[in-house]
Amino acid sequence: MTMETLSSSSLLPDNVSQPTYNRKLLKPGIVHIGLGAFHRAHQAVFTQKAIEKTFGPWGIVAVNLRSPEPVKALQQQEGLYSVITRSADGDKADIIGVTVDWICAAERGGDVIAYLSSPDTRIVTFTVSEKAYGLDPVTGGLDLQHPAIKADMANPHTPVGVVGFLVEGLVRRRERGHLPFTILCCDNLPSNGHVVRRLVLEMAEQRDPELARWITEEGKFPCSMVDRIVPAATAETRQRAISLLGVDDRLAIETEPFMQWIIEDDFISGRPAWEAGGAVFATHVEPYEKMKLRLLNGSHTLIAHLGILHDLEFVRDVMAVPEFVAKVERHMEAVVATLDPVPGIDLPFYRKQLLDRFANPTIAHRTEQIALDTSQKLPQRILSATSETLAAGRDATTFAYVIALWIKSIQKRGDLDDPRGQEILAAAAITDPTDASALYFAIPGLFPPELVNARSWRDQVNAELAKL
Ligand code: CS2
C-alpha cells in the first residue's frame, strides 16, 4: 500500500483520518515557502480543516528553498503525509492532502516564479526561520551583508532568498496587471508582517521606486502569531507512522494536540476559512505575538540551555526536575510583568498550559534543536523584555540567568550552530577574569545599546555565570 491508496482506503483504523474532500478538484491558491516540520503540522493542517469545511481553491504549492529531500519525498507520496498527534490519550494520525505541487527552489526557481506570478496564487505564506530574512537587528532593515540579500540584489531575476522571491514575484505581477498576493509571515518574529513589509519595500525600492510605491499602495502584510510544538522527526517517528498507518511515510511528523494561529484579517483576494481549524482573526496581533514569543519561546530558550548544561536531551526531561521548573516559573513571572492584557487570554491559565505542554511525556523535543541559532532568537524572546524590565526599575535577574546559561552552554560544547557562531566562539575563547561576559557584549549588534550600557545588569550576568 502507498500513501495514495491509504488516503482513499475505506479500511482505516479509528485513530487515522484521511482528507474528506476530493483532492483531484483542489486547485493551487497558496504558495508556501519553507517545507519544514512546522509548516506541515501547522498551516497545512489549518488549511485542510478550512477546505473540509468550505471547499475552495486553496491548495498549497510547497516550496523548499534549498534542500530537495522533502520535495522528493512529497513527490513520491503524491503530496500526502501524516501528522501524528501525541498525548496521554494516545496517538492519532491525520493524513494531510492539501499540498498540490512541490518545488525545490534551488533546482527549479523559474517554476516558483511562475506560481508567484499567477493570478491564481492569492496568498504566499512562509516559515523560513529567523536567520533567513536578512534582517539587520540594529536597523530593522535589510542586512546588505546577508548572503541571500547580496545574491538577490545582484541577480534579482534568479532569486535564492525569501525576500528576493517575493519581490521578483511582485515585479512580474505588476507587469502583468495583477494584484499583489497577500504576504503572510509565519515565523516567530515580533510584528512579523511589518518586519517583512519593510524588507520587501527596501529591496523593491532598490529595484524601482515605482514598484515600491505600488506595493505600498496595494500590498498587504498581515501579522500572525503561530504556535504548535513540532519536534524534528526521528527514526522513531517513522516507525510510529508505520505502526499506525501500515505504510512507510517519509514525511511523517509528530506533534502535540495544541495548535494556535492568530491572524490579522487583512487579505487582498480572500483566504481559506482557517477559523474552521481554530484560527482566530484579530485586529491587532502584536499582544499575542509578544505573549507567545516571551512566555513560550523565551522559556524554551531558558530550558534548552539549562538542558544542555545538565545533559538533558529533551524539554520534558528538564521539566521533570522541580528545581528547573521553579526557574521557568520565576522567568514567566518576570515576563508577565512586561505584557499588556491580551484579549481573550487568561494569562495564569496560559502559563499553566505552557508548563503542561513543555512536560508532555509523549513529545520528544530536543533541547539542542531549540538552542540552534540562539543569537537570532534572543532579541524577541529575552532582550526586549530585559530592556523593558530594567526601564521599569524591576528585577531582571532571570534574564541575566538566561544569558549566563547560554554563555555557559557554548563554553561547554565548544561549538555552535548559529549564523554568528564564529564571532561568538571567538568571544568564548577568552575570558576576562574581571568581567566574564565582556566579549559577548562587545559583539556588534548582538545586544542592544541600552543593555550594553546596563552595567549593573551585566554584573548580574557575571554573578549568574560564577554561580553556574
Ligand atoms: C522553539 C520553537 O525551536 C525553537 O526555537 O522555541 O520552534 C517553538 O517550539 C514553536 O515556536 C512553538 O510554537
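All ligand and atom numbering here is 1-based and tracks the order in the structure.
For the pair Arg271 and Phe281, the cation-pi test (distance below 6.0 Å, angle within 45°) is passed.
Salt-bridge formation is detected for the pair Lys412/Asp311: a Lys NZ or Arg NE/NH1/NH2 atom is positioned less than 4.0 Å from an Asp or Glu carboxylate oxygen.
The aromatic ring centres of His300 and Phe358 sit less than 6.0 Å apart.
For the pair Asp187 (side chain) and Ser129 (backbone), a donor-acceptor distance under 3.5 Å is present.
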Which protein N or O atoms sit under 3.5 Å from any N or O of ligand 1? Give atom names and distances.
residue  : atom   : partner : partner atom : Å
ligand 1 : 5 (O)  : Lys377  : NZ           : 2.8
ligand 1 : 5 (O)  : Arg381  : NH1          : 3.1
ligand 1 : 5 (O)  : Arg381  : NH2          : 2.8
ligand 1 : 6 (O)  : Asn297  : ND2          : 3.1
ligand 1 : 6 (O)  : His300  : ND1          : 2.8
ligand 1 : 6 (O)  : Arg381  : NH1          : 3.3
ligand 1 : 6 (O)  : Arg381  : NH2          : 3.4
ligand 1 : 11 (O) : Asn188  : ND2          : 2.9
ligand 1 : 11 (O) : Lys292  : NZ           : 2.7
ligand 1 : 11 (O) : Asn297  : ND2          : 3.0
ligand 1 : 13 (O) : Asp227  : OD1          : 2.6
ligand 1 : 13 (O) : Arg228  : N            : 3.0
ligand 1 : 13 (O) : Arg228  : O            : 3.3
ligand 1 : 13 (O) : Lys292  : NZ           : 3.1

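No donor-acceptor contact under 3.5 angstrom links the side chains of Thr338 and Arg394, judged on distance only.
Contact of the His146 side chain with the Lys131 side chain is not registered, since no non-hydrogen atoms from C-beta on lie closer than 4.5 Å.
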